[in-house]
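Here is the naming used below: chain letters follow the sequence lines, and residue numbers restart at 1 for every chain. Everything numeric here is computed off the predicted structure, so don't read it as measured data.
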There are 2 protein chains.
Amino acid sequence: MAARREPVSRRDRPAKDPLSRAVVVAAAVRVMRAEGLERVTMRRLAGELDTGPASLYVYVDNMAELHGAVLDELLAELDFSGTDLVELLSRYTQVLFEYPSLARSVLTLRPSGANYLRLIDAVLGLLDASGVPVSRAAWGVDLLLQHATATAAEHGTRSESGLHDASVQEAALVAMDADRYPHVAGVGDLLWSGSGEQRLRWGFAVLIAGIAATAVP
Amino acid sequence: MAARREPVSRRDRPAKDPLSRAVVVAAAVRVMRAEGLERVTMRRLAGELDTGPASLYVYVDNMAELHGAVLDELLAELDFSGTDLVELLSRYTQVLFEYPSLARSVLTLRPSGANYLRLIDAVLGLLDASGVPVSRAAWGVDLLLQHATATAAEHGTRSESGLHDASVQEAALVAMDADRYPHVAGVGDLLWSGSGEQRLRWGFAVLIAGIAATAVP
DNA sequence: ACCTGAACACCGTTCAAGT
DNA sequence: ACCTGAACACCGTTCAAGT
């Protein structure tokens, strides 16, 4: 056991971190890394910071806004150097894959943090560099990031919750009913083929090709 | 006031609907239509059906699974006749737009109901009819439905929660900092231009063009 | 003016005990 | 065997009342 400086009562504990937005967000990131986003509750954070849940509302608007701040914190570590577009998007997706619940939350958030803007800027830059007209790039960046986020939200939750092994098997059997679902039966196993990684990257390729080829109205 | 047949006590009320999966799902749909998915709680449904929340678990596995059943119920009304691909996908999106929280839930669900399979089958058929190779169609259907669902989840929640008018304005100003975000500043208002409908349809067009052009690995 | 204790109004899910 | 009352273990957010 490490020596404690002094045993102090809760009442006169000395100068712990004073509360601030940064301290609240840092605590949220810490708890999420250690125990998952589900454990990041206002009450838990308050406990962590020796105060009551109401006090947190001085620094964050609500849970959704806090999730946005947590995302931006995570994106600070994103490496932008020496990447092509698919690689950068894959790195972004990898970050979210580790926290699928955060991805789910982000999907309904329109993030606006500094690091998210930096990511948008980099994606725009790479689209521009490959000759995509700015109008298509401007709308396309949304599509690309949405694909990344939705895939992370979808994937992660499915491996989290233990559903779908028996039930996917069962659905697959029903789907093969050639009378009711002729086209599904026709494509067969292809519907569920490929790894998550392969399908993610194919999705990016599809989007990039489509964005380059499709004029905005 | 309509005449009541007879005043009955709770104890000996006559033959109300006996509980069944269909009755539980129907109650969920009814409450969602009237008051939104947020009000569809196990306790509320139980109250509606004169029982306790525990009884519902005889008929549904959990909330997520119930949401899947509700989606499939909604899709029963989807009109498949005389549509091209973009039109069909738009109709599906319209259904989800009315219940953004359901869309959010569906995103992490891999729906497997009969009506969802019917939709997948129709999309596969239309892709096939337009000459897309089956391997690309098989992976592409996921991309198309994910775009629809994610857009509904995103859009709806944003107009539900009153965020983002002042805060989007503010983010837009920050983003125009040409030193920090040169490419964002370069594209300017294009980033936020267009109606939801326009961007949704453009997204479908992008995906369809990309799917047709991109081989699976 | 700034902060927070306590309350408001709820949740999903489980399980022992009934019938 | 089937069903359920009651409990377990929590939530986010608000606001009156303190300092």
With B/S193 via side chain to side chain donor-acceptor pair (under 3.5 Å) - residues at least two apart = A/W139
For B/N62 and B/M42 the tightest heavy-atom approach is C-CE, 3.8 Å
Give the stems involving DNA chain D, where a stem is 3 or more consecutive Watson-Crick or G-U wobble pairs (i with j, i+1 with j-1, and so on) under 3.5 Å.
-> C:4-8 with D:12-16, C:12-16 with D:4-8
Salt bridge (Lys or Arg N to Asp or Glu O under 4.0 Å) between A/R180 and A/D177, intermediate numbers included = CA-CA 6 Å; A/R180 281 196 286 173; A/D177 180 335; 3.2 Å; yes
Roughly, in whole Å, what's the span from [atom1] in [X] to [atom2] in [N]?
| X | N | atom1 | atom2 | result |
| --- | --- | --- | --- | --- |
| A/L19 | C/dA1 | CG | P | 21 Å |
| B/R21 | D/dC3 | CZ | C1' | 18 Å |
| B/L56 | D/dT4 | CG | C1' | 11 Å |
| A/R39 | D/dG12 | CZ | C1' | 17 Å |
| B/L45 | D/dT4 | CG | P | 14 Å |
| A/D50 | C/dC3 | CG | C1' | 15 Å |

For nucleotides 13-16 of chain C, print each protein N/O atom paired with a nucleotide N/O atom at under 3.5 Å, atom names and distance only.
from: C/dT13; atom 1: OP2; to: B/Y57; atom 2: OH; distance (Å): 2.6
from: C/dT13; atom 1: OP2; to: B/M63; atom 2: N; distance (Å): 3.3
from: C/dT13; atom 1: O5'; to: B/Y57; atom 2: OH; distance (Å): 3.2

Mind checking what makes salt bridge (charged side-chain N to carboxylate O under 4.0 Å, His left out) contact with A/E197, not counting sequence neighbours?
-> A/R201
Taking only residues two or more places apart in sequence or in another chain, which ones pass ring pair (Phe, Tyr, Trp, His ring centres under 6.0 Å) with A/H67?
-> none
Would you sort out whether B/W202 and A/I211 count as a side-chain contact (heavy atoms from CB on, under 4.5 Å), showing the intermediate values?
-> CA-CA 9 Å; B/W202 184 75; A/I211 290 164; 4.1 Å; yes
Spacing of the P atoms in C/dA9 and D/dC10 (rounded, Å) | 23 Å
Are any non-hydrogen side-chain atoms of A/R104 and B/L107 less than 4.5 angstrom apart?
-> no
All pairs passing salt bridge (Lys or Arg N to Asp or Glu O under 4.0 Å) where residues 187-196 of chain A contributes a residue, at least two apart = none
